[in-house]
Amino acid sequence: MAHAPASAGPGLVEAATTFLEQFHSETTPAQTLAGRLDEVRREIDETGTYVHTPDELTFGARVAWRNAARCIGRLYWNSLRVRDRRAVSAPAEVAAECVAHLRDAGRDGRIRSTITVFAPDRPGRPGPRIHNEQLIRYAGHRTPGGRIRGDARYADFTDRAVALGWERPDPPGRFDVLPLLVSDGDAPPELHEIPRDAVLEVPLTHPEHAWFADLRLRWHAVPAISTMPLEVGGIVYPAAPFNGWYMGTEIGARNLADADRYDLLPVLGERLGLDTSSERTLWRDRALLEMLRAVQHSFDAAGVTMTDHHTESDRFLTHVAREENAGRRCPADWSWIVPPVSGGLTPVYHRYYDEPDPATRPAYLPPPPA
């Protein structure tokens, strides 16, 4: 189900007022705050909702990123590029704009932080919904032997796509890009393929081990989250895919390494000739580091934007200092900010942060139930 729109009347008026006061305190709109508030209140009285100006939408999307307690890359919040597609709600058109988003954000490897905002929820008319967790995810194919080929986390989603009519590649691969599942409001989802030329991928090699290329691993370059609704001033945009760029640990230490994803550390440990007979040999740690080196090396060699956990940790503390100097709280979820590799070697590990407040708005909301 889509997120319910904020109720018309006092609740929506209050949310709109709070947001517009913030917008006018941090920017210099041509219209006065009093004038804009009168306009919005009349619009809510007449229609049960209101429409953000382009500048309000851009500010709201950027501040939602600034408020994202689990994101270490918030130093760049004010440079987020906003693609205003609020007139778009039909699934085929939403899917086409998602493809355009991937091309616009990818830029042949010079990844640009981008959000595409589709039609909002309105009274009696929910906006479109994208069911994919990210615009690009790889299929998980169940084999007759009970194993999963590809990304095990997405085996259920893959089965769902097949039930809706998606034809698995023959033979099924480990990096088959899943189709987009897009709904018109609460209607059943429709399937839309992502063209191959819209998916920028990086083949993975290792700076020292030539045999690593024989593993035929790769990963996509644009991590566009697509199931988190954007809420600004009481208005919910249920389809608002957004991306930054990857940090190497996301791919090397999680996507390819986690046991419920690609689970490649045993393969790497064997190829590296490590003693895997006991956890006390720390073979997983050594294999993980080599996987991470391969990912970072490959993206650098391909000229595709990627950051590393040491650099991004320093930048995050710069962001925290800027927010404090501006007199603002900087909520952060420590367990997400500290990287999954060498946490104690990064400065973000050695301090506490403002506690996240789930009521903070503007915000990217948790995904609704499937």
Side-chain angles (χ1 to χ4, degrees), residues 70-73 111 133-134 136-140 147-155 173-175 201-223 225 244-302 304-317 332-350:
R70 291 182 169 184
C71 180
I72 195 174
I111 311 300
E133 183 185 53
Q134 292 194 17
I136 301 172
R137 279 304 195 199
Y138 296 119
R147 301 178 64 86
I148 295 176
R149 181 169 177 78
D151 195 336
R153 179 173 174 178
Y154 296 99
R174 293 181 299 163
F175 299 97
E201 292 179 297
V202 177
L204 303 185
T205 60
H206 193 280
E208 296 170 8
H209 302 300
W211 53 259
F212 194 97
D214 297 336
L215 299 176
R216 293 179 297 170
L217 305 178
R218 62 179 186 266
W219 205 260
H220 62 90
V222 180
I225 298 170
W245 47 80
Y246 270 118
M247 188 161 68
T249 54
E250 295 177 85
I251 301 171
R254 299 301 311 276
N255 299 344
L256 293 174
D258 282 357
D260 65 344
R261 301 294 297 280
Y262 279 83
D263 194 23
L264 287 170
L265 294 188
V267 174
L268 215 58
E270 181 180 355
R271 295 298 296 265
L272 288 164
L274 303 178
D275 178 2
T276 61
S277 64
S278 168
E279 297 294 349
R280 294 182 66 81
T281 68
L282 302 184
W283 67 269
R284 292 184 195 276
D285 308 72
R286 296 170 65 187
L288 185 67
L289 182 58
E290 296 307 323
M291 178 69 82
L292 185 55
R293 291 184 66 204
V295 168
Q296 197 80 51
H297 162 78
S298 301
F299 271 67
D300 289 348
V304 174
T305 306
M306 170 174 278
T307 189
D308 66 88
H309 50 294
H310 296 287
T311 299
E312 211 57 43
S313 294
D314 288 336
R315 289 174 177 170
F316 181 70
L317 293 188
D333 185 331
W334 189 92
S335 66
W336 280 71
I337 297 301
V338 174
V341 175
S342 305
L345 299 180
T346 63
V348 294
Y349 178 93
H350 299 279

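Just the heavy atoms: all of them, side chains too, but no hydrogens, waters or symmetry mates, feed the values below.
When the ring pair (Phe, Tyr, Trp, His ring centres under 6.0 Å) test is applied to H310, no partner is found at least two apart in sequence or on another chain. Taking the salt bridge (charged side-chain N to carboxylate O under 4.0 Å, His left out) definition, one finds that R137 meets it with E133, sequence neighbours left out. With sequence neighbours excluded, the residues forming a ring pair (Phe, Tyr, Trp, His ring centres under 6.0 Å) with F175 are Y138, Y262, listed by chain and number. Under the side-chain hydrogen bond (donor to acceptor under 3.5 Å, both in side chains) criterion, S277 pairs with D275, not counting sequence neighbours. W336 pairs by the ring pair (Phe, Tyr, Trp, His ring centres under 6.0 Å) definition with nothing, not counting sequence neighbours. E250 is linked by a salt bridge (charged side-chain N to carboxylate O under 4.0 Å, His left out) to nothing, counting only residues two or more places apart in sequence or in another chain. Taking D285 as the reference, nothing meets the salt bridge (charged side-chain N to carboxylate O under 4.0 Å, His left out) condition, with sequence neighbours excluded. Remark: R70 pairs with D333 by the salt bridge (charged side-chain N to carboxylate O under 4.0 Å, His left out) rule, at least two apart or across chains. Residues meeting the ring pair (Phe, Tyr, Trp, His ring centres under 6.0 Å) test with F299, sequence neighbours left out: none.
For residues 265-284, the set of pairs meeting the ring pair (Phe, Tyr, Trp, His ring centres under 6.0 Å) definition, not counting sequence neighbours, is empty. Identified under the salt bridge (Lys or Arg N to Asp or Glu O under 4.0 Å) test for residues 208-218, with sequence neighbours left out: E201-R218, E208-R293. Counting only residues at least two apart or on different chains, the salt bridge (Lys or Arg N to Asp or Glu O under 4.0 Å) pairs with a member in residues 257-269 are D151-R261, R254-D258.
When all heavy atoms of I148 and A155 are compared, the closest pair comes out as CD1-CB, 3.7 Å.
Contact of the Q296 side chain with the M306 side chain is registered, since non-hydrogen atoms from C-beta on lie closer than 4.5 Å.
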